[in-house]
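This structure is a prediction, so every number in the text was calculated from the model and none was measured. Throughout, a chain's letter reflects where its sequence line sits, starting with A, and its residues are numbered from 1.
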Protein chains: 2
Amino acid sequence: MTVPRVALTVDLVVLTVREQRLSALTWRRDRDPYDGCWSLPGGFIQLDEDLPVAASRLMAERAGLADVRIHLEQLATYGYPDRDPRQRVVSVAYLGLAPDLPASSRAQVLWRAVAELTAERAAFDHRRILRDGVERARAKLEYTSLAAAFCPAEFTVAELRRVYEIVWGTPLDPRNFHRKVTGADRFLVATGRTTTRDGGRPAQLYRRGDAEQLRPPMLRPRS
Amino acid sequence: MTVPRVALTVDLVVLTVREQRLSALTWRRDRDPYDGCWSLPGGFIQLDEDLPVAASRLMAERAGLADVRIHLEQLATYGYPDRDPRQRVVSVAYLGLAPDLPASSRAQVLWRAVAELTAERAAFDHRRILRDGVERARAKLEYTSLAAAFCPAEFTVAELRRVYEIVWGTPLDPRNFHRKVTGADRFLVATGRTTTRDGGRPAQLYRRGDAEQLRPPMLRPRS
DNA sequence: TCAAAAGTGTTAGCGCTACACCCATGA
DNA sequence: TCATGGGTGTAGCGCTAACACTTTTGA
């Protein structure tokens, strides 16, 4: 029996919060198909390469985010036959959550607001993949400590709260939020230092703790 | 640039509750590699076939579960280079949750208890895939109405509770469970009929409602 | 002195846990 | 009549939402 073979790519949904907006790393296509459209950074997998290794390699090569500790997890695999008009390509999407970093110096690689991207024409099924990644991120903020992956190494409770508010698109009560996250076991580690970079009374600076789960969860307010 | 191509398979983690145990559908291998080991039912994807379509086809061809309404969702993709000793094979795993059905009439296809399978040698990385599927199912019972996918078309609250108890491996309080699931919006639809098949006072028969989320969630008791 | 943001206290209400208790059947 | 499981009531408690209030800074 002959076994059909397909081309396999890894595509990256890399999200961050910058300029008060949830943003994703995009690659501007400069050739057909989809010339001029945005796409997700990605590329073909090597024959001797594990999937997470390929994701890290492409994060460095295509996204310009080498040697940066970024949370990376597998999102889903997309493989309907006509998603690439040239040939059968199956794509394993990875979701990355990053602090607000300068991306690649290439003009082709840009952070762009998710709200804009979903209103624009995208290459292939990348709008769908982006939407799935955003929804995964929104859901995971509820019951994991991943929100801190959007923050720099040291951050205040208010900065962490802004991450939740921007990713979810809902305001949260600053006082209840503060009690909740500072009370959660191993979510935050106090550094002892303070900052006034947000104005007002000085705020404690925290680092990420080693908790992965958030129990009880921080539930999104329902509309 | 030449694009490397890989063989792509779909593997199925099909779970059910039967004889008081969480069980999975297995395929007994009768050739090398891994001759005599259990494996997950699966097979190569066709070149013109979408991934969920391949999963449904293999559910019929390999698992003997054709034309059965079974919940099927993508689980994850496994692709480290040596997982198949013969050639590079990347596998997209799907998770299926089924009521207690007779599987294929082939002797090669068997329902087997998960507890036994994880103690035995499995083909390829199928033990790992099975474990991931079981963990996904356990987690989804908490915040979705998927437990009913393990039940026949009509079932009692106690039968639904047994699903939770067996999948999670923890006893639940029958009275609180009853209040919780009958109070949840659109989780269950009363048929008006009753049954005494479990002994004691007649129990209401229910059908699945159209709710997908369970809010608030049914949290596993913590040890 | 004022505005702004950090952080604490307080209260009402909801949902969960634990268990007492009653109900309806088969044997 | 008894055993068995179905189903309801209820008290206590932890968590949450809502918001009043105090603290500490920069301007």
Side-chain angles (χ1 to χ4, degrees), chain A residues 20 141-143 145 151 154-166 168 170-185 187-207 211 213-223, chain B residues 20 141-143 145 147 151 154-166 168 170-207 211 213-223:
Chain A
Q20 311 294 322
L141 291 205
E142 291 197 296
Y143 56 92
S145 58
C151 294
E154 300 201 348
F155 53 90
T156 67
V157 171
E159 287 160 2
L160 182 65
R161 175 167 50 82
R162 250 154 253 144
V163 165
Y164 277 91
E165 292 178 330
I166 290 168
W168 285 348
T170 17
L172 298 175
D173 185 294
R175 298 150 299 182
N176 293 333
F177 182 87
H178 185 280
R179 220 192 327 265
K180 175 107 185 176
V181 296
T182 53
D185 192 37
F187 188 2
L188 301 181
V189 178
T191 63
R193 281 190 298 287
T194 61
T195 180
T196 57
R197 64 192 179 211
D198 298 326
R201 168 173 165 182
Q204 282 281 333
L205 279 167
Y206 293 89
R207 263 198 290 273
Q213 300 298 308
L214 197 57
R215 299 188 40 83
M218 169 102 54
L219 296 174
R220 286 178 257 197
R222 294 284 148 177
S223 53
Chain B
Q20 312 294 322
L141 291 205
E142 292 198 294
Y143 57 94
S145 58
C151 294
E154 299 200 347
F155 54 90
T156 67
V157 171
E159 288 160 0
L160 183 65
R161 175 167 49 82
R162 251 155 252 143
V163 166
Y164 277 92
E165 292 178 329
I166 290 168
W168 285 348
T170 13
L172 297 175
D173 185 293
R175 299 152 296 185
N176 294 333
F177 182 87
H178 186 280
R179 221 192 325 267
K180 175 106 184 177
V181 296
T182 55
D185 192 37
R186 295 157 163 277
F187 187 3
L188 301 180
V189 179
T191 62
R193 283 190 298 288
T194 61
T195 180
T196 58
R197 62 190 179 213
D198 298 327
R201 168 174 164 182
Q204 282 282 334
L205 279 167
Y206 293 89
R207 262 198 291 273
Q213 300 299 309
L214 198 55
R215 299 189 41 84
M218 170 103 54
L219 295 174
R220 285 179 257 196
R222 294 284 148 179
S223 52

Report task. Tell me which of A:R175 and A:R201 sits closer to the 5' end of DNA chain D, going by the nucleotide each one is nearest to. Result -> A:R175
Requested in this report: Assign each of A:V157 and B:L219 to its nearest nucleotide of DNA chain C by heavy atoms, then name whichever residue's nucleotide is nearer the 5' end.
Outcome: A:V157
Report task. Would you confirm whether B:T191, through its side chain, and B:L205, through its main-chain N or O, come within 3.5 Å as a donor-acceptor pair? Result -> yes
Report task. Could you tell me whether A:D173 contacts a base, only the sugar-phosphate backbone, or nothing, with contacts defined as non-hydrogen atoms closer than 4.0 Å? Result -> base
Report task. Would you indicate what B:R215 reaches in the nucleic acid, counting non-hydrogen atoms under 4.0 angstrom: base, sugar-phosphate, or nothing? Result -> nothing
**Report entry** D:dC15 OP1/OP2 closer than 4.0 Å to side-chain N/O of A:K180
**Finding:** no
Query raised in the report: Over how many whole Å does the gap from A:E159 atom CD to C:dA5 atom P extend?
Result: 13 Å
Report summary line: Tightest non-hydrogen contact, residues B:A147 and B:V163, listed as O-CG1, 3.9 Å
Query - Under 3.5 Å: donor-acceptor pair, side chain of A:Y164, backbone of A:L141 - result: yes
Query - N/O (side chain, A:H178) to phosphate O (OP1/OP2, C:dG7) under 4.0 Å - result: yes
Query raised in the report: How long is the line joining CZ of A:R162 and P of C:dA4, in whole Å?
Result: 14 Å
Report task. For residues A:V157 and A:F177, report the shortest heavy-atom separation together with the two atoms involved. Result -> O-CE2, 3.6 Å
Query - Of the listed nucleotides D:dA17, C:dG7, C:dT25, the one nearest the side chain of B:P202 - result: C:dT25
Query raised in the report: Just how far, in rounded Å, is P of C:dG26 from CG of B:D198?
Result: 13 Å
Requested in this report: Would you indicate what A:R197 reaches in the nucleic acid, counting non-hydrogen atoms under 4.0 angstrom: base, sugar-phosphate, or nothing?
Outcome: nothing
Query raised in the report: What's the CG-C1' distance between B:L172 and C:dA18, to the nearest Å?
Result: 14 Å
Requested in this report: Scan A:N176 against the nucleic acid and name what it touches under 4.0 Å (heavy atoms): base, sugar-phosphate only, or nothing.
Outcome: base
Report summary line: Result for 5'-nearest mapping on DNA chain D, choosing between A:G200 and B:Y206, is B:Y206
Query raised in the report: Of all the nucleotides listed (D:dT25, D:dG7, D:dG9), which has the minimum atom distance to the side chain of B:R179?
Result: D:dG9
Query raised in the report: At their closest point, which heavy atom of A:E159 faces which heavy atom of A:D198, and how far apart are they?
Result: OE2-OD2, 3.3 Å
